[in-house]
Number of protein chains: 2
Amino acid sequence: MPSLKTDCIYQGACAEILDRLPEKSVDVVFADPPYNLQLGGELLRPNNSRVDGVDDAWDRFRDFAEYDAFTEAWLRACHRVLKDTGTLWVIGSYHNIFRVGARLQDLGFWVLNDVIWRKTNPMPNFRGTRFTNAHETLVWCSKGPDARYTFNYEAMKALNDGLQMRSDWSLPLCTGPERLKTETGEKVHPTQKPEALLHRIILASSNPGDVILDPFLGSGTTAAVAKRLGRRWIGIEQDPDYIAAARARIAAVTPVDDPTLVTTPRKRSEPRIPFGTVVERGLLPPGTVLSDAAGRWSARVRADGTLISADHRGSIHQVGAAVQGAPACNGWTFWHMRTQDTDAERLVPIDLLRQRLRAEMAAEGTGTTPESGGALQ
Amino acid sequence: MPSLKTDCIYQGACAEILDRLPEKSVDVVFADPPYNLQLGGELLRPNNSRVDGVDDAWDRFRDFAEYDAFTEAWLRACHRVLKDTGTLWVIGSYHNIFRVGARLQDLGFWVLNDVIWRKTNPMPNFRGTRFTNAHETLVWCSKGPDARYTFNYEAMKALNDGLQMRSDWSLPLCTGPERLKTETGEKVHPTQKPEALLHRIILASSNPGDVILDPFLGSGTTAAVAKRLGRRWIGIEQDPDYIAAARARIAAVTPVDDPTLVTTPRKRSEPRIPFGTVVERGLLPPGTVLSDAAGRWSARVRADGTLISADHRGSIHQVGAAVQGAPACNGWTFWHMRTQDTDAERLVPIDLLRQRLRAEMAAEGTGTTPESGGALQ
DNA sequence: GGCAGTTCTGAATCTCTTA
DNA sequence: CTAAGAGATTCAGAACTGC
C-alpha cells in the first residue's frame with residue numbers, strides 16, 4: 001500500500017488517482033464536481049451583454065446515464081480512501097445534486113445534513129422565466145449509519161453568535177480580490193467557490209492536522225483554506241492551468257500556527273472527573289447537603305462520592321434522575337451547594353468544583369490532555 | 001375516459017386513484033409524500049420531555065428500493081394526468097428528496113427550480129450532533145425540457161416588493177391557531193404544512209380556475225388555499241380521519257370571489273419591506289378593504305400584495321398616490337385598516353403590520369443577509 | 001385584566017465509554 | 001458483542017399559570 005503524501009496536487013482523473021491512494025487515510029472529502037449544467041445556447045442580459053456561462057469540456061456529458069456512471073466512480077473511490085470516521089461533502093445544484101445524493105445513499109454513505117448555501121448576491125434570472133436561482137446545495141455524510149464522525153458543534157455555535165448553526169448558510173459569491181483572474185482579466189475558473197464556505201466546512205468537520213481531500217481542486221480554494229486552518233490537504237485536478245493557478249495561490253497562504261486559534265473544544269472532550277474525587281480532595285465534606293436550584297429536593301454527600309436522599313441513593317446522576325422521576329439527569333448541573341458570596345448566601349452548581357479540579361489537574365500536569373474536537377456517534 | 005370531477009377528495013391509494021382520472025387534465029400537482037424518515041428510538045429534549053416524532057405507518061418503508069418503487073409509481077401517474085403545460089411540485093427533506101428528484105428526472109420531468117423553504121422557527125438539534133435541520137426542499141418541474149408552463153413572474157416579483165423572487169423562501173412552521181387539533185388537543189396531522197407556503201406555490205404556478213391536484217392531501221392545506229385563491233382542486237387521501245378534518249376545514253374557506261384579486265397583470269416599483277409578505281403571512285387576507293385615515297378613498301388587498309381601487313391598481317404607494325392625485329405617497333402610513341379594539345372599531349395604519357413583521361424578522365436573526373436588512377423574502 | 005414567568009412543542013435519520 | 005452508567009444537550013413562539 002502506498003503511503004499518503006499530503007500538501008500536494010495530483011494531476012489526473014480523480015477516480016484513477018484516488019485508486020492509487022491508501023485506503024482509510026483521509027478525514028474529510030470536499031467535492032465540487034461538474035454540475036452537468038446542460039445549458040442551451042448563449043444567454044444575453046437585458047442590455048444584450050453575453051453571460052459567461054459554464055461551457056467547459058469537463059462539464060459535458062451525453063446523458064444522465066453517463067453522468068451517473070461518472071458520479072458513482074468517484075464517490076466509490078472516495079468511500080475507499082475515507083477513514084471510517086471520515087465525512088464527505090459534495091456541493092451541487094438541482095442539475096446534479098439529486099443524482100449525486102441518490103448515488104451516495106446507494107453506496108452506503110449516511111446523510112448527516114443537507115446544507116443550503118444561500119447566496120446573498122446571486123445572478124438574477126434575466127428572462128423572468130423562473131425563480132432566481134439563489135442557492136446551492138451541499139450534502140454532508142458519514143461512511144454509514146453507525147459511523148462516528150467529527151462535528152465541532154461548539155465552534156459552529158460560536159460562529160453563529162451563540163445559537164446552533166443552522167442548515168442554511170448565507171454567504172456572498174466569490175467576487176472581488178478573492179476571485180482569481182488571469183493577466184488578461186478573465187476568470188481563472190468559472191465556478192470558484194468562496195473561501196468563507198470552505199472555512200465553515202473545514203472548521204465544522206475536521207481538526208488541525210487532519211487530511212482534507214478535494215477530488216476536483218480547480219482553483220484551489222479547499223487547499224488554501226485547509227492550509228490556513230492548519231489542516232493537511234490533497235488536491236486532484238486534471239487541468240494544468242488550474243493547477244498552476246492553485247499552486248501559486250496556496251503558496252501565498254500563511255498557516256495559522258497556533259492550533260488553539262482554530263479549535264473550539266467540546267465539553268465532551270474534557271477529562272472525566274468522578275464526583276468521588278471532589279469528595280476525596282476535600283472540596284465537599286461528607287454530610288454536605290445539596291439541593292436543586294429551586295430548593296425542591298435535597299440529598300447528602302457520602303464519603304464514597306454517592307448521594308443519599310430521603311428515598312434514593314446512588315451517583316449524583318442517578319439520585320438526580322430518581323428524585324425528579326426523570327429518565328436521566330446531569331448531576332453536575334442539577335445539584336447545587338450553598339456558598340457565601342459577598343454578603344448573601346447563594347446556590348451554585350457543583351459543576352464549579354469540577355471545573356476548579358480540572359484547572360488544578362491541568363496545572364499539576366496530571367490530567368489527560370483534552371482532545372481537540374469531539375468524536376460523535 | 002372518465003370526466004374530471006373537481007373540488008372533492010378521493011379516498012384511496014394515490015397511484016390507483018390517479019390512474020382512474022383523465023389524462024392531461026391537471027394544471028398543477030403539489031405533492032407532500034412520505035419522507036421515509038427512518039427515525040431510531042425516542043428522542044428526549046434536554047429537559048427530558050419527549051419529542052413527538054413521525055412514526056406513522058404511512059412513513060415506514062423496508063428500504064430505499066421499496067421507497068423508490070413507491071415514488072416512481074405516483075410520479076408516473078402524476079405525469080399522465082398533468083396537462084402538457086402543467087407543472088409538478090414535490091416537497092421533501094434530505095431523507096427522500098434525492099430519491100424523488102432523481103426519479104422525476106428519469107421520468108422525463110424537467111426541473112425548473114429547486115426551492116428552499118427556510119424555516120424561521122425550526123426544532124433545534126437537541127444533542128448537538130449536527131446542524132439544525134432548518135429547511136425543507138421543494139422541486140418544481142415541467143413535463144419536459146421544451147414544455148411551456150405557467151409562471152406568474154410579475155406576481156412573484158410583486159410579492160417580493162419589486163425584486164425577483166428568489167429560490168429561498170423564509171416562512172414559519174405551521175403552528176398556533178392554523179394548526180389543526182383534535183378535540184383532545186392532539187395534532188390532527190403530524191406534518192401539516194403552512195398555508196403561506198401553498199399560497200406562494202399556487203400563486204406562482206397557476207391561474208384562477210386552474211386545477212390543483214394534491215395526491216397526499218393530508219389535512220387539506222393545498223385544497224384550502226386553492227379554494228381561497230379561486231382555483232379548482234382535487235385531493236387524494238387514504239386516511240378517513242385526515243379526510244374528515246380536511247373536509248371541515250375546506251368547507252370553512254370563503255373563496256376570493258373577484259379573479260382580478262388573485263392575478264397580476266402589471267409591473268410596479270420597489271419599497272423596502274414587501275407588503276406582499278404581510279399578505280402571504282396571513283396578516284391581511286386578500287379582499288380586505290383599506291382606506292385612508294379620513295375614509296375618503298378605499299382599495300382592496302390582492303393576493304400578491306398589490307392594491308386595487310375603483311380606478312387604480314399597483315403597490316400600496318402607487319395607489320395611494322393615484323387616488324390623491326399626488327406625485328408620491330407612503331402607502332404604509334396612508335392606508336388604514338379597521339381593527340376591533342376594546343369595544344370601538346378604529347382605523348389603524350397598515351404600518352403596524354410592517355412593524356410586527358419587522359419585529360418577527362429581527363427575531364429570526366439572519367445576520368448580514370439582505371433578508372434581515374430589509375428586503376424581506 | 002395585564003404582565004411576567006413557566007411550560008409545551010415542532011417532518012429528528014440526535015452519545016460515548018467502560019465493564 | 002451487549003448492558004449499564006456517566007453526562008451532554010435547545011430555539012422560537014404559542015399557550016398557560018399565577019399574582
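Sequence lines set the chain letters: A, B, ... in the order given, protein chains first and strands last, and positions in each chain run from 1.
An aromatic stacking contact links A:Trp110 with the base of C:dT13, defined here by ring centres under 5.5 Å apart and ring planes under 30° from parallel.
When the C1' atom is used for both C:dT13 and D:dA12, the distance is 23 Å, rounded to whole Å. Taking atom C1' on both nucleotides, D:dT9 is separated from C:dA12 by 14 Å, rounded to a whole Å. When the C1' atom is used for both D:dT17 and C:dG1, the distance is 14 Å, rounded to whole Å. C:dA11 and D:dA8: their C1' atoms are spaced 25 Å apart (whole Å).
Evaluation of the side-chain hydrogen bond (donor to acceptor under 3.5 Å, both in side chains) test over residues 319-337 of chain A, restricted to residues two or more places apart or in two chains, returns none. For residues 98-107 of chain A, every residue pair satisfying the side-chain hydrogen bond (donor to acceptor under 3.5 Å, both in side chains) rule, not counting sequence neighbours, is listed here: A:Asp68-A:Arg99, A:Asp68-A:Arg103, A:Arg99-B:Gln105, A:Arg99-B:Asp106, A:Gln105-B:Arg99, A:Asp106-B:Arg99.
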Stepwise salt bridge (Lys or Arg N to Asp or Glu O under 4.0 Å) check, B:Arg118 with A:Asp168: CA-CA 7 Å; B:Arg118 179 188 178 276; A:Asp168 59 298; 2.6 Å; yes
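In DNA chain D, the stems built from three or more successive Watson-Crick or G-U pairs (distances below 3.5 Å) are C:2-10 with D:11-19, C:15-19 with D:2-6.
Per the geometry, CG belonging to A:Asn152 stands 17 Å off P belonging to D:dA8, to the nearest Å. One can place CG of B:Asp55 at 15 Å from P of C:dT13, the figure rounded to the nearest angstrom.
Because its glycosidic torsion is more than 90° from 0, D:dT9 is reported here as anti.
Within 4.0 Å (heavy atoms only), A:Arg354 reaches sugar-phosphate atoms of the nucleic acid but no base atom. Using a 4.0 Å heavy-atom cutoff across all strands shown, A:Ile273 reaches sugar-phosphate atoms only and no base atom. Using a 4.0 Å heavy-atom criterion, one finds that A:Cys329 contacts the bases of the nucleic acid, with or without backbone contacts as well. Nucleic acid contact for A:Glu154: sugar-phosphate only, since backbone atoms but no base atoms lie under 4.0 Å from a heavy atom of the residue.
Scanning for side-chain contact (heavy atoms from CB on, under 4.5 Å) contacts around B:Cys141 gives B:Leu88, B:Leu104, B:Phe109, with sequence neighbours left out. Shown here are the side-chain contact (heavy atoms from CB on, under 4.5 Å) partners of A:Asp304, two or more places apart in sequence or in another chain: A:Arg302, A:Thr306.
The stretch residues 317-325 of chain A touches DNA chain D through A:His317, A:Gln318, each having a heavy atom within less than 4.0 Å of the strand.
Put simply, A:Tyr149 has no side-chain N or O that comes within less than 4.0 Å of OP1 or OP2 on C:dT13.
Evaluated for a ring pair (Phe, Tyr, Trp, His ring centres under 6.0 Å) with B:Tyr67, the options B:Phe98, B:Phe61, B:Trp74 yield exactly one hit, B:Phe61. Residue B:Lys193 is tested with B:Thr221, B:Thr222, B:Asp32 for a side chain to side chain donor-acceptor pair (under 3.5 Å); the sole match is B:Asp32.
Map A:Gly331 and B:Asn121 each onto its nearest nucleotide of DNA chain D; the residue landing nearer the 5' end is A:Gly331.
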